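Lettering follows sequence order; numbering is per chain, from 1. Just so it is clear, the structure is predicted and the values come from calculations on it, not from any experiment.
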Number of protein chains: 2
Amino acid sequence: MSEQKSNPLTIGQLAKMASVSVETIRFYQRKHLIPTPPKPYGSIRRYSLEDVKRVRFIKSAQKLGFSLAEIANLLRLEDGTHCAEAKAIAESKLISIRQKIADLKTLEKILESYTSNCENKTNNTPCPIISNLFNDPFV
Amino acid sequence: MSEQKSNPLTIGQLAKMASVSVETIRFYQRKHLIPTPPKPYGSIRRYSLEDVKRVRFIKSAQKLGFSLAEIANLLRLEDGTHCAEAKAIAESKLISIRQKIADLKTLEKILESYTSNCENKTNNTPCPIISNLFNDPFV
DNA sequence: CATAACCCTGTACCTAGGTACGGAATCAAG
DNA sequence: CTTGATTCCGTACCTAGGTACAGGGTTATG
């Protein structure tokens, strides 16, 4: 009969508060990204506001480009006492983000040059985009 | 007994010349990205140098960020007479590339600010990266 | 107490872009 | 003619990040 004030939420309420689906909660449990609270005999599992924060953490980190595997590593640092490790993870992510930006800029330049050749194209010459790709200048 | 000069290659030679695996050739055939030449009775399929160019085209376009579905559309324009359509496909890809660059730059700024807060962190304060993510400033 | 709404567990399915494999047929070399 | 390498065909498997059931049990509402 003692009140369980610390774990008041059903999985549906947790999902709604964290703006994900119930299935996503269960998926994260299977991946050990969030704990699976004990199930009282003949009853259902209950969740806390800490769990809501944890799911939101996952969604925030995903928006920053972290994979679930990387997020699992960050969550192991949850107590905040391993700042150097967290920083190392964030900085390697920063490096890969910068690399992606550079790669995309290269692609942008190539595509720009292909499409601009369409302008000075005269009638009955082949399409520069297609012929550039077929003639394979950057493999 | 007429010579089949136009289709001299086995699938293994095609794969090697296009720098992909035999399995990848078959996968592209299943996806109708490249044709499956007829199989002479009791013999094996033969491929041409045109097929090599076509596979290389696919690989080049992939490096430019096109999906196989988009590449299938480009390949339908292979004769080079549909320049306007090819240009439209390339330009919409250019727009999505620019959007990705912008998104990544936003992430870069956020991550930079998180990691730089680690510098001015005093002992026994929680890690700014973790606490920023837990406190969810950009959901 | 009836009934709807929700929860639990396990499993299957989805996209994208392939990779891997088993068993039979064919080809190339000696 | 034998042996080893390729080819063929169908099917299964892989990663990532979920989504979608089916067939139960539980809970909340009137």
Side-chain angles (χ1 to χ4, degrees), chain A residues 1 3-4 7-48 51 54-75 93 96 100, chain B residues 4 7-48 51 54-75 93 96 100:
Chain A
M1 316 298 190
E3 293 176 30
Q4 289 288 93
N7 273 15
L9 305 173
T10 67
I11 195 172
Q13 290 166 333
L14 166 60
K16 185 164 284 183
M17 289 180 76
S19 305
V20 300
S21 74
V22 168
E23 300 299 331
T24 298
I25 299 292
R26 296 198 199 285
F27 173 74
Y28 289 168
Q29 288 178 334
R30 288 198 293 276
K31 293 285 176 181
H32 302 293
L33 288 165
I34 53 178
T36 303
K39 189 170 116 176
Y41 300 103
S43 182
I44 63 173
R45 301 185 200 286
R46 296 287 173 171
Y47 298 84
S48 69
D51 295 319
R54 205 169 164 97
V55 176
R56 286 189 179 152
F57 174 101
I58 294 169
K59 285 295 163 190
S60 296
Q62 276 189 314
K63 284 178 191 165
L64 280 186
F66 290 94
S67 69
L68 291 186
E70 290 167 328
I71 292 167
N73 284 331
L74 286 172
L75 281 168
K93 176 56 60 177
S96 77
K100 265 188 210 165
Chain B
Q4 290 288 94
N7 273 14
L9 307 173
T10 67
I11 195 172
Q13 290 165 333
L14 166 60
K16 185 163 285 185
M17 290 180 76
S19 305
V20 300
S21 74
V22 168
E23 301 298 332
T24 298
I25 299 291
R26 296 198 199 285
F27 173 75
Y28 289 168
Q29 289 178 332
R30 287 198 294 276
K31 293 284 175 181
H32 302 292
L33 288 164
I34 54 178
T36 303
K39 190 170 115 174
Y41 298 103
S43 182
I44 63 173
R45 301 183 199 287
R46 296 287 171 171
Y47 299 84
S48 70
D51 295 320
R54 204 170 163 95
V55 176
R56 286 189 178 153
F57 174 101
I58 294 168
K59 285 296 164 190
S60 296
Q62 275 188 315
K63 284 178 191 164
L64 280 187
F66 290 94
S67 69
L68 292 187
E70 290 166 327
I71 292 167
N73 285 331
L74 285 172
L75 281 168
K93 176 56 60 178
S96 77
K100 266 188 208 163

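- Side chain of B/L68, nearest nucleotide from D/dG18, C/dG18, C/dT19: C/dG18.
- Here C/dC7 presents its C1' atom at 13 Å from CD1 of A/I25, a figure rounded to the nearest Å.
- OP1 or OP2 of C/dT9 has not a single side-chain nitrogen or oxygen of A/Q29 nearer than 4.0 Å.
- The one candidate from B/E70, B/R54, B/H32 that meets the side chain to side chain contact (heavy atoms under 4.5 Å, CB included) condition with B/L75 is B/R54.
- In this model, the phosphate group of C/dT19 is approached by a side-chain N or O of B/S21 to a distance below 4.0 Å at OP1 or OP2.
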What N/O pairs connect the protein and nucleotides 8-11 of chain D at under 3.5 Å? Give each pair on its own line.
| unit_1 | atom_1 | unit_2 | atom_2 | d |
| --- | --- | --- | --- | --- |
| D/dC8 | OP1 | B/R45 | N | 2.5 |
| D/dC8 | OP2 | B/R26 | NH1 | 3.4 |
| D/dC8 | O3' | B/K39 | NZ | 3.4 |
| D/dC9 | OP1 | B/R45 | NH2 | 2.8 |
| D/dC9 | OP2 | B/R45 | NE | 3.4 |
| D/dC9 | OP2 | B/R45 | NH2 | 2.7 |

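- Remark on DNA chain D: of its neighbouring residues B/Q13 and A/T24, the 5'-side contact belongs to B/Q13, judged by nearest-heavy-atom nucleotide.
- Set against C/dC7, C/dG17, D/dG18, the side chain of A/K59 has D/dG18 as its closest nucleotide.
- Phosphate proximity of C/dG18 to B/Y28: present, with a side-chain N or O under 4.0 Å from OP1 or OP2.
- In this structure, A/F66 places its CZ atom 16 Å from P of D/dA16, rounding to the nearest Å.
- At a cut-off of 3.5 Å, with distance as the only test, no side-chain donor of B/K16 or B/Q13 sits close to an acceptor on the other residue.
- Along DNA chain D, the nucleotide nearest A/G42 and the nucleotide nearest A/K31 are compared for position; the residue whose nucleotide lies closer to the 5' end is A/K31.
- With the nearest nucleotide of DNA chain C identified for both B/S67 and B/Y41, B/S67 has the one nearer the 5' end.
- Computed from coordinates, the B/K16 NZ to D/dT6 C1' distance equals 12 Å when rounded to whole Å.
- Here D/dT7 presents its C1' atom at 14 Å from CG of B/L9, a figure rounded to the nearest Å.
- Relative to the axis of its first five pairs, the axis of the last five pairs of the helix from C/dC1-D/dG30 to C/dG30-D/dC1 sits at 10°, rounded to 10 degrees.
- Counting to the nearest Å, the P atom of C/dT11 and the CZ atom of A/F27 are 17 Å from each other.
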